[in-house]
Visitor: 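Once you've had a glance at the structure underneath, I'll fire off some questions.
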Amino acid sequence: MGRQEIIVVQGKGELGSKIRPLFRSFGKERPHQVPVETRGDSGTETHRVWSLNLIMPHPLLHLLLICLLIHAAVGKGLEKGPLEDKVLQVPEGTPVPYAIYQFQSSKDGVDGFSVTGETEGKISISDDGWLYLDQALDWGLTRTHTIQVEALVGSEPVEGPFTITINVLDINNHAPYFNQTDYAGVVKEHTPAGVPFMRVFATDLDDPHSLNAQLKYTLVSQIPNRDNVLLFQMDGNTGQISTTTDGERLLKARDSVISSRGGDISDSLKSKFDEYCKPVQEIPYDLNPFYSCVLRAESRRQNPLDDPDFTLIVRVEDMGGASESALIGNARVKIAVQQNLWVNPGPIIVKEQLKGPYPMEIAKVQSNDPSALYRLVQKERELKFPFNVTEEGNILLMEELDREDKAMVISYTTSPTTVVTVCPWRVFLKMFTCVRVPACVCVFQYIVVVLAEDTYGNEVDPPMEVQVVVEDVNDNAPACDQELSVFELQENEPAESTVGDLLVHDADDPNTLNAMLEYSLVSQTPSSVFSIDSITGRIKAKQVLRRKDAAEYQLTVRVNDPAFSTECTVLVKVIDINNELPIFQKNDYGHHSLPEDTAVGHTLLTVKATDADDPGTGSSRIEFHITTGNQDEVFAMETDGNGEGRLVVAKPLDYETSSSYNLQIDARNPEPLIKGLVYGNTSSSHVSVAIVNVDEPPAFDQDILEVAVLENTTGGATLLKVDAKDPEGNEIRFKLEGDTNGWLEIDPATGEIKLKAKAVLDREKVEAFDFNVVAFEKANPDQSSEHVVSVRLLDVNDNVPKLTENQGFVCVKNPKPLILTAQDPDAAPFGAPFTFSLPKKSPNWDLITLDGTSAKLTLKRPPSEDKTFLLSIGVKDNAGVGVQNKLEVRVCNCTDLGHCLIEPSTHEGKLGVPGTLGILCGTLGFIALMLIIVFYRMKKEDQKKALHVGDTDAIL
């Protein structure tokens with residue numbers, strides 16, 4: 001053993017209080033205060049220095065103290081606490097000895113601790129309870145250590161054992177690594193940007209759920225990169241490699257000799273030499289150095305990764321690549337660029353009606369697989385598909401095409417940057433109608449899908465859609481949209497007014513001269529007053545037209561394309577203008593009278609007017625309107641449009657409101673008058689109407705009479721007061737009808753309706769009822785009016801919930817719960833939901849509310865013998881009002897039918913008092929009966945003997 005002097009820095013906080021007692025256990029404290037400045041997380045602080053003379057019994061304790069000093073230096077406090085079950089977190093790879101935690105026993109005299117369990121020889125504990133590491137932990141080997149710690153006095157445990165769980169925390173001590181140091185991949189020319197063609201993969205042995213194993217892939221460099229343009233990119237999360245936009249455009253394979261289908265490269269090369277090296281050389285191929293050089297180059301192309309076009313340096317970093325301390329791994333990726341022979345040859349232009357011979361080769365495709373088999377698929381489900389493909393990839397047209405039979409992809413451009421994929425064309429067999437749109441490009445085409453497959457039907461290249469465009473020839477004549485095109489033009493329109501556009505279509509391509517149309521007028525009947533635009537087909541009137549000159553004109557228009565001609569017929573109708581006024585037959589229809597009780601819809605009179613404009617037009621149609629004197633719109637005009645109108649009553653008449661009307665009726669056309677023409681007095685008429693007063697019944701002031709009354713309203717209370725008035729001011733009276741309950745009475749003079757003194761309302765019996773109030777003239781009761789009054793009774797909480805059943809039965813062998821149901825006639829909020837309860841906690845019964853109207857009563861402890869329980873069940877409504885309900889529950893052994901059963905084994909010979917008395921009475925009765933029979937027979941015998949003695953005496 002040696003004596004050491006150790007300097008310990010004691011801070012202002014709790015660190016000193018944790019370390020000093022530890023050192024007291026190993027030596028004597030000699031205070032030697034020296035001011036020392038230390039720099040920590042919280043800044044520069046001044047500490048006291050203690051010099052300690054320690055007797056070190058073991059080198060491990062020395063190391064432990066060094067570890068504690070390290071903790072103090074980095075500012076980390078050492079933890080301590082009572083001896084108990086605990087979970088501790090310890091990072092892997094710590095320097096050792098490494099202090100973990102100090103346990104303090106609650107027992108007196110403890111002079112040591114012991115540790116057992118999954119220590120693996122790495123975990124120890126000192127006599128002062130310090131748990132520390134002898135060896136560093138490894139998260140990759142063991143992630144949790146479960147140990148038991150006991151407090152000792154001598155060698156005897158006095159507290160514990162307690163379970164201590166040590167969770168090993170992963171640290172970033174494993175660098176990520178690729179599963180290959182060198183990768184190889186092949187990319188074809190013009191591979192779309194962003195589409196992965198290969199992937200690299202890396203792993204990290206650290207905790208996969210932590211940031212330590214979160215990997216980030218990056219592309220470090222591309223070799224060669226002469227123009228400083230990256231042709232490849234890498235997905236940082238997945239490691240997938242794809243081309244960039246520049247790569248899609250710039251990647252180019254080195255030229256090579258294309259071998260024949262399924263042939264050997266040397267055979268293809270020899271044929272190329274024979275084809276280009278003329279005259280044929282006599283030098284054998286094997287001795288020709290140029291041939292040998294090309295053959296070696298082509299052999300490398302057959303295994304391109306031996307001579308890659310590009311080498312990529314890729315890197316993987318852990319910590320998500322976001323930390324400067326992240327660990328990395330590198331790999332190389334060799335990439336060869338292969339020629340992409342699978343190139344779309346479209347669009348293929350084929351003229352319609354093209355003369356043979358057929359089949360005719362129109363294009364050729366070549367797969368990247370020399371052994372591929374080709375076939376065509378029809379994209380559109382058409383009846384006709386005149387295409388085929390040969391074994392060598394030649395696409396053949398099998399017959400003539402007709403453009404007008406095929407109109408598939410149609411598009412037009414509305415602006416330099418906008419393309420609309422639907423063109424306004426309508427296709428009906430071979431008939432086409434095109435509404436001309438600027439920059440309209442209509443394409444008639446087939447979509448041919450070419451597949452390259454192996455012998456098993458698997459695709460070796462992606463499907464290719466080839467566009468076959470049918471080029472137009474002039475094989476269709478112009479066609480009129482209608483056999484007779486009809487236009488209308490009003491008379492008096494100025495010269496050069498547009499009549500309309502003649503619609504003609506040509507099924508040929510509108511973007512070629514084949515569908516360029518030219519219009520011309522051939523004839524006009526009855527006179528030549530129209531012109532037509534030769535390009536657009538727009539027809540105009542050369543002069544002002546008058547209907548009186550001609551009502552219709554018939555035109556013949558010739559339409560030409562470069563090869564064909566068609567004639568169309570046009571009918572132009574001259575429409576009459578409104579230059580005539582409607583004129584009344586009478587300007588005054590006199591005076592008329594109507595009783596005020598005249599029915600609505602009654603016709604008062606008929607008026608007539610005429611118009612000299614063309615019959616059947618809007619200019620001659622006459623409509624009648626009441627323009628003045630029609631207060632409240634009591635009257636209305638009905639018309640058939642042919643110059644006849646009817647003045648009708650539209651609303652009920654009322655002498656008291658208005659006793660007379662002076663009406664002005666105007667005749668008008670729906671079409672506006674020509675400029676300068678206005679309606680005058682001849683287009684207006686007048687009529688006066690006098691209303692005759694009649695005796696009318698009283699009328700109620702209110703349209704709807706409804707009242708709501710609480711059901712506990714006392715007798716004599718006023719429900720409502722009705723008001724009515726007689727139009728003539730006569731005195732009125734009121735009476736009630738239909739009061740079937742006899743609850744109401746009315747004051748005949750005032751209309752005040754009250755409850756009778758002894759009336760008792762009950763909403764539970766009658767929720768609502770109606771009755772009639774009659775108002776009548778006192779002097780003439782026949783003049784009366786009725787009004788229905790609706791009364792709705794409002795509920796009050798005048799009922800309590802009650803159980804629907806007051807008896808129950810429980811079988812001891814199968815004690816099913818009783819379902820108790822309660823009812824309350826009151827409505828919400830004075831009814832359900834109910835609350836069920838027992839007056840006090842019962843040792844035998846349990847009551848649970850099920851829903852708003854029922855509860856479950858459960859037998860908790862069966863009685864020792866059959867018994868009838870009288871329970872008090874409290875039931876309250878939603879307002880808390882309720883009473884105790886008596887419930888009788890019979891508990892006994894029972895049969896399958898639910899009847900109480902008396903078991904023989906239990907009650908044999910125990911008949912009870914009633915049974916015993918019954919048996920005794922029966923026995924006594926039987927004995928008495930037997931005695932009566934015996935006495936009766938003895939008496940009969942005595943009578944026979946007496947009779948026999950008398951007979952004997954007589955004989956003697």
Visitor: Compare all side-chain heavy atoms of Thr119 with those of Ile147 and state whether any distance is below 4.5 angstrom.
Guide: yes
Visitor: A side-chain contact here means heavy atoms from C-beta on lying under 4.5 Å apart; do Arg315 and Glu317 qualify?
Guide: yes
Visitor: What is the distance from atom CZ of Phe162 to atom CG of Leu83, rounded to the nearest 0.5 Å?
Guide: 5.0 Å
Visitor: Looking only at side chains, do His174 and Asp204 share a donor and an acceptor under 3.5 Å apart?
Guide: no
Visitor: Going by salt bridge (Lys or Arg N to Asp or Glu O under 4.0 Å), name the residues that satisfy it together with Glu189, two or more places apart in sequence or in a different chain.
Guide: Lys252
Visitor: What's the separation between atom OG1 in Thr165 and atom CD in Gln89, rounded to the nearest 0.5 Å?
Guide: 9.5 Å
Visitor: Just by distance, do the side chain of Asp461 and the backbone of Ala452 share a donor-acceptor pair under 3.5 Å?
Guide: no
Visitor: Looking at residues at least two apart in the chain, or sitting in another chain, which of them share a side-chain contact (heavy atoms from CB on, under 4.5 Å) with Glu120?
Guide: Lys122, Thr142, His145
Visitor: Any salt bridge (charged side-chain N to carboxylate O under 4.0 Å, His left out) pairs touching residues 336-345, not counting sequence neighbours?
Guide: none
Visitor: Considering all heavy atoms of both residues, which atom of Ser126 and which atom of Tyr132 are nearest to each other, and what is their separation?
Guide: N-CE2, 3.9 Å
Visitor: Could you state the interatomic distance from CG (Leu169) to CG (Leu88), rounded to the nearest 0.5 Å?
Guide: 10.5 Å
Visitor: As a quick check of understanding, evaluate side-chain contact (heavy atoms from CB on, under 4.5 Å) for Leu451 and Tyr374, giving each step before the final call.
Guide: CA-CA 6 Å; Leu451 301 179; Tyr374 303 97; over 6 Å; no
Visitor: Judged by atom type as modelled, is there a donor-acceptor pair below 3.5 Å linking the side chain of Thr243 to the main-chain atoms of Thr191?
Guide: yes
Visitor: Tell me every residue that passes salt bridge (Lys or Arg N to Asp or Glu O under 4.0 Å) with Arg199, counting only those two or more places apart in sequence or in another chain.
Guide: none
Visitor: Run the salt bridge (Lys or Arg N to Asp or Glu O under 4.0 Å) test against Asp182 and tell me which residues pass, sequence neighbours left out.
Guide: Arg332
Visitor: For Tyr101, is there any backbone N or O sitting under 3.5 Å from a side-chain donor or acceptor partner on Glu79?
Guide: no
Visitor: Would you sort out whether Asp134 and Val96 count as a side-chain contact (heavy atoms from CB on, under 4.5 Å), showing the intermediate values?
Guide: CA-CA 6 Å; Asp134 291 318; Val96 292; over 6 Å; no
Visitor: Counting C-beta onward and ignoring hydrogens, is there a side-chain heavy-atom pair between Ser242 and Phe232 closer than 4.5 Å?
Guide: no
Visitor: Hey, does Asn172 have a side-chain heavy atom less than 4.5 Å from the side chain of Met319?
Guide: yes
Visitor: Examine distances only and state if a side-chain atom of Asp85 and a backbone atom of Thr163 form a donor-acceptor pair shorter than 3.5 Å.
Guide: yes
Visitor: Quick check for you: to the nearest 0.5 Å, what is the distance between Ile164 atom CD1 and Thr116 atom OG1?
Guide: 10.5 Å
Visitor: Can you give me the closest heavy-atom contact between Thr144 and Val168, atom names plus distance?
Guide: N-CG2, 4.5 Å
Visitor: Quick check: closest heavy atoms across Glu361 and Asn394, and the distance to 0.1 Å?
Guide: OE2-OD1, 3.3 Å
Visitor: Using side-chain contact (heavy atoms from CB on, under 4.5 Å) as the criterion, list what pairs up with Asp235, not counting sequence neighbours.
Guide: Asn237, Thr238, Gln240
Visitor: Hey, what do you get for CD (Gln445) to CD1 (Ile348), rounding to the nearest 0.5 Å?
Guide: 11.0 Å
Visitor: Who passes salt bridge (Lys or Arg N to Asp or Glu O under 4.0 Å) against Arg249, sequence neighbours left out?
Guide: Asp246
Visitor: For Gly140 versus Glu92, what's the shortest heavy-atom pair and its separation?
Guide: N-OE1, 4.2 Å
Visitor: Check for a donor-acceptor pair, side chain of Trp130 on one end and backbone N or O of Ala99 on the other, with a separation under 3.5 Å.
Guide: no
Visitor: For Gln222, which residues count as a side chain to side chain donor-acceptor pair (under 3.5 Å) partner, sequence neighbours excluded?
Guide: none
Visitor: Quick one: list whatever passes side-chain contact (heavy atoms from CB on, under 4.5 Å) with Phe178, sequence neighbours left out.
Guide: Tyr183, Val200, Ala202, Tyr217, Val314, Val316, Ala331
Visitor: Are any non-hydrogen side-chain atoms of Val460 and Asn458 less than 4.5 angstrom apart?
Guide: no
Visitor: For Leu312, run the side chain to side chain contact (heavy atoms under 4.5 Å, CB included) check against Leu231, Ile335, Leu230 and tell me which one passes.
Guide: Ile335
Visitor: Provide the closest heavy-atom pair for Gln148 versus Pro161 in the form atom of the first, atom of the second, distance.
Guide: CB-CB, 3.9 Å
Visitor: Compare every heavy atom of Ile349 with every heavy atom of Glu471, then report the nearest pair and how far apart it is.
Guide: OE1-CG2, 3.7 Å
Visitor: Got a donor-acceptor contact below 3.5 angstrom from the Gln339 side chain to the Ala253 backbone?
Guide: no
Visitor: Please examine the side chains of Trp139 and Ile171, heavy atoms only from C-beta on, and report whether any two atoms are closer than 4.5 Å.
Guide: no
Visitor: Can you tell me how far the CG atom of Leu401 sits from the CD1 atom of Ile362, to the nearest 0.5 Å?
Guide: 7.5 Å
Visitor: Could you note down all residue pairs passing salt bridge (charged side-chain N to carboxylate O under 4.0 Å, His left out) where residues 207-230 supplies at least one of them, sequence neighbours left out?
Guide: none
Visitor: Are Val365 and Pro345 packed together at the side-chain level, in the sense that at least one heavy-atom pair is separated by less than 4.5 angstrom?
Guide: yes
Visitor: Who are the side-chain contact (heavy atoms from CB on, under 4.5 Å) partners of Ile125, not counting sequence neighbours?
Guide: Phe103, Phe113, Val115, Leu131, Val149
Visitor: Give a yes or no answer on whether the side chain of Asn368 reaches the backbone of Leu341 with a donor-acceptor pair at less than 3.5 Å.
Guide: yes
Visitor: Could you list the donor-acceptor pairs under 3.5 angstrom formed between side-chain atoms of residues 321-328 and any protein atom two or more places apart in sequence or on another chain?
Guide:
unit_1 : atom_1 : unit_2 : atom_2 : d
Ser323 : OG     : Ser325 : N      : 3.2
Ser323 : OG     : Ser325 : OG     : 2.9

Visitor: Does any part of the side chain of Leu376, heavy atoms only, come nearer than 4.5 Å to the side chain of Phe385, both counted from C-beta?
Guide: yes
Visitor: For Lys351, I'd like to know if atom NZ has over 12 heavy atoms of other residues, nucleotides or ligands within 6.0 Å.
Guide: no
Visitor: Please test Val450 against Phe387 for side-chain contact (heavy atoms from CB on, under 4.5 Å), starting from the C-alpha separation and ending with a verdict.
Guide: CA-CA 11 Å; Val450 187; Phe387 302 97; over 6 Å; no
Visitor: Given the rule in the side-chain contact (heavy atoms from CB on, under 4.5 Å) test, do Phe197 and Ile241 qualify, once you have shown the distances and angles that lead to the verdict?
Guide: CA-CA 6 Å; Phe197 62 87; Ile241 301 175; 3.8 Å; yes
Visitor: Treating Gln102 as the side-chain partner and Asp128 as the backbone partner, does any N or O pair qualify as donor plus acceptor under 3.5 Å?
Guide: yes
